[in-house]
Amino acid sequence: LGVMLVVVLIVAPINDALFGVVLITNAGIGIIQELRAKRTLDRLALLSAPRASVIRNGHETEVAVDGVVLDDLLTLKAGDQIVVDGIVVTADSLEVDESLLTGESDAILKERGDEVLSGSFVSSGSGVYKARRVGADAYAVRLAEEARKFTLVRSELRNGIDKILRGITWVLVPTALLLIWSQFTTITGWPDSQSWGWTDVKEAIRLSIAGLVAMIPQGLVLLTSVAFAVGVIRLGRRNVLVQELPAVEGLARVDTVCFDKTGTFTEGRLVVDEVELLTDHYDVRAALGALGASDPNPNATQQAIAEQFPAPAGWWPTATVPFSSARKWSGASFGSLGSWVLGAPEMILPNDATVAERVAASAGEGKRVLLLARATGELEGDELPFGLEPVAVLGLSDRIRSDAAETLEYFARQGVAAKVISGDHPQTVAAIAREVGVPGADKVVDARTLPDDPAELAEVVDAGTVFGRVTPHQKRAMVGALQSRGHVVAMTGDGVNDVLALKDADIGIAMGSGSSASRSVAQLVLLDGSFATLPSVVGEGRRVIANIERVANLFVVKTVYAFLLAVLVGLFSSPFPFVPRHLTLVGTLTIGAPAFFIALAPTADRARSGFVTRVLRFAVPVGTLAAAATYLSYELAITEQVELTEARTTATLVLFAIGLFALVINARPLTLPRKWLIGVMATGFRHVLFLPTGRSFFELDLPRAVVMRAGVGIVGLSGAVMYGSLRSLGVAQQVPQLLRNPNLTNGAWSAMRTG
């Protein structure tokens with residue numbers, strides 16, 4: 001387009017260079033929106049970016065990752081991401097998950113002198129390591145440069161537009177050659193006549209460029225990126241960090257959302273509700289206080305216990321085992337006071353009927369149930385000590401988020417299935433699921449009974465709703481099982497145990513308050529942890545999908561009729577019926593300006609697959625009729641022996657009328673703003689046509705009455721045929737949902753309308 005703009009400025013009046021104004025304006029709008037989106041992303045990414053705890057001058061301080069230098073000492077605790085490569089200096093049961101680098105899900109025990117790599121994260125324990133490779137030398141950076149481990153979010157819009165552009169490219173080259181050849185031979189009479197001059201050559205070039213400019217869907221890619229960019233800005237205002245632009249589209253296509261209970265349904269703040277003693281022989285409060293104080297890097301459960309039970313005097317740990325999501329228990333030995341273990345009852349004493357009965361009663365009330373057990377022997381490694389005796393059953397509860405129920409209700413009404421996946425006891429998870437209103441919360445599955453066979457696993461996961469005692473590896477397998485059944489899966493989570501599933505899901509959604517590891521692999525980060533923002537993301541995705549489809553309909557219609565007009569004038573050796581300014585006028589009023597507003601309008605249309613097919617089903621018949629009607633009216637005017645300017649004006653009138661009719665069909669439902677938009681476009685064309693300055697500028701001249709009547713008849717007939725053909729293809733019957741969809745909650749509608 002830039003090259004053709006230069007050529008037009010050389011060979012034609014400046015009026016014909018109007019498409020250059022559109023080109024520059026569109027580019028300016030695109031650049032401004034992209035820069036605004038970039039500033040929004042940079043601001044949010046700064047809030048979400050992992051930071052490093054560095055020991056300098058004997059003091060621990062937090063610095064940005066790019067502030068870490070060689071030989072810095074960095075501290076590690078459970079959930080921390082390792083940000084640079086280094087060597088372990090001290091380790092206290094330090095286990096590192098390197099699955100993001102190696103694909104191996106098992107945590108690796110690290111000891112003094114072992115190497116740790118950036119991109120991995122701490123699954124349990126604590127330690128200190130010294131930075132050895134930073135910046136571009138770090139392993140994760142080199143790995144990303146050599147071979148990308150992660151692929152971008154699948155975008156049907158992006159892939160569909162790529163297909164359309166590839167098809168246009170293949171068609172454009174031979175059609176352009178045909179058009180240029182036909183115009184040179186028609187205008188100059190070459191090779192039969194040798195009497196042509198530079199004026200004829202310039203006219204042939206001008207008419208050729210008119211057809212070529214119209215074939216290029218100017219603005220289609222631009223408005224797609226603008227729609228995504230505006231979505232990023234709107235979501236940024238709601239504290240949603242979009243780490244990959246197509247993720248805005250992706251969540252709108254999701255049909256299954258896997259929720260991790262802790263941190264998503266609940267606030268992740270545990271409190272001890274009850275302690276039921278199973279024996280009176282021991283000081284349970286002292287034991288719990290000692291266990292809570294024994295781990296320098298406690299998890300949420302240990303923090304809740306430490307807050308409620310103060311550390312007793314005289315309890316000095318001689319051996320400790322930190323909590324691990326794989327073991328599901330932690331413990332400590334206190335010399336003559338014995339060894340104490342706290343964790344999942346079924347992992348500590350799986351065959352104790354009394355314990356199982358007490359656990360079932362508490363779990364049924366939605367509590368997280370832990371068993372406190374004691375043994376006389378010393379803890380050795382991460383094996384349970386022999387002779388464990390149950391001492392007490394603890395019930396902990398988590399505060400449910402106030403917005404969880406409303407959001408789940410929204411997803412249910414949109415036909416999106418909810419799966420609750422948690423490492424807690426199945427009955428505990430089910431009770432929480434029932435409380436927040438998860439449909440099918442009675443379909444409870446204990447993940448320890450899940451089959452290993454992928455096909456069987458897919459069947460069980462598809463049928464179930466609530467899954468308890470799920471390991472990180474199982475979460476990942478369950479996401480894959482759902483995907484194997486054709487589901488588009490989103491996964492929410494906030495902990496290190498969710499990272500594998502977040503990474504493999506079609507859309508990973510992390511909580512801003514969660515671990516840096518979970519934030520680093522998710523496509524969407526809810527910075528304020530508000531569950532209620534998810535409908536806003538769905539709304540933005542729907543807006544992008546539905547509106548870009550409308551925009552693509554209009555732009556591809558223009559490409560189709562420009563291509564067919566070029567073929568017709570080539571076959572019949574006639575001058576092209578337009579000069580560049582004519583098609584710029586028609587394209588701006590029926591496609592360019594309306595498309596810009598349509599691309600940014602709110603919508604409640606549900607996402608559907610088959611983007612390219614639907615665009616072609618609309619664009620091909622409409623574009624074909626527009627080309628046939630335009631060329632027919634042009635030839636009829638020529639046979640009436642009117643001036644060439646009048647014949648071109650007739651063609652312009654017919655093309656504008658059909659383009660406006662296509663816009664009306666494409667813009668449904670015709671809300672008041674859209675009616676105003678269409679009215680403004682029609683009024684603008686009327687002013688151009690009936691004002692002398694407008695006619696002079698755009699090289700228009702009203703034809704005689706008989707030609708006008710013929711044009712009106714052609715438009716009416718074409719409109720009827722167009723509507724009938726679209727109905728036969730099922731396009732005209734696909735009336736979008738009303739803008740105020742009654743299925744939307746007030747909050748979701750308000751979220752989509754805002755901005």
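Just so you know, these numbers use all the heavy atoms, side chains as well, and skip hydrogens, waters and symmetry mates. We're numbering straight along the sequence, starting at 1. Every value quoted in this text rests on a predicted model; they were computed, and no experiment measured them.
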Would you mind telling me which of Leu396, Leu372, Leu394 makes a side-chain contact (heavy atoms from CB on, under 4.5 Å) with Val275?
-> Leu394
Looking at Ile509, Asp528, Leu235, Leu527, which one forms a side-chain contact (heavy atoms from CB on, under 4.5 Å) with Val240?
-> Leu235
If only atom types and distance count, is the side chain of [X] paired as donor or acceptor with the main-chain N or O of [Y] below 3.5 Å?
{"X": "Asp352", "Y": "Leu349", "result": "no"}
{"X": "Ser339", "Y": "Thr376", "result": "no"}
{"X": "Glu95", "Y": "Gly125", "result": "no"}

Could you verify whether a donor N or O on one side chain and an acceptor N or O on the other, from [X] and [Y], lie under 3.5 Å apart?
{"X": "Glu389", "Y": "Tyr282", "answer": "yes"}
{"X": "His487", "Y": "Asp506", "answer": "no"}
{"X": "Glu378", "Y": "Thr318", "answer": "yes"}

What residues, two or more places apart in sequence or in another chain, satisfy salt bridge (Lys or Arg N to Asp or Glu O under 4.0 Å) together with Asp442?
-> none
Quick one: list whatever passes side chain to side chain contact (heavy atoms under 4.5 Å, CB included) with Ala332, sequence neighbours left out.
-> Leu291, Ser294, Thr320, Phe334
Under the side chain to side chain contact (heavy atoms under 4.5 Å, CB included) test, residues paired with Glu62 that sit two or more places apart = Arg51, Ser53
For [X], is the [atom1] atom crowded, meaning more than 12 foreign heavy atoms sit under 6.0 Å from it?
{"X": "Gln303", "atom1": "CD", "result": "yes"}
{"X": "Arg485", "atom1": "CZ", "result": "yes"}
{"X": "Glu111", "atom1": "CD", "result": "no"}
{"X": "Asp453", "atom1": "CG", "result": "yes"}

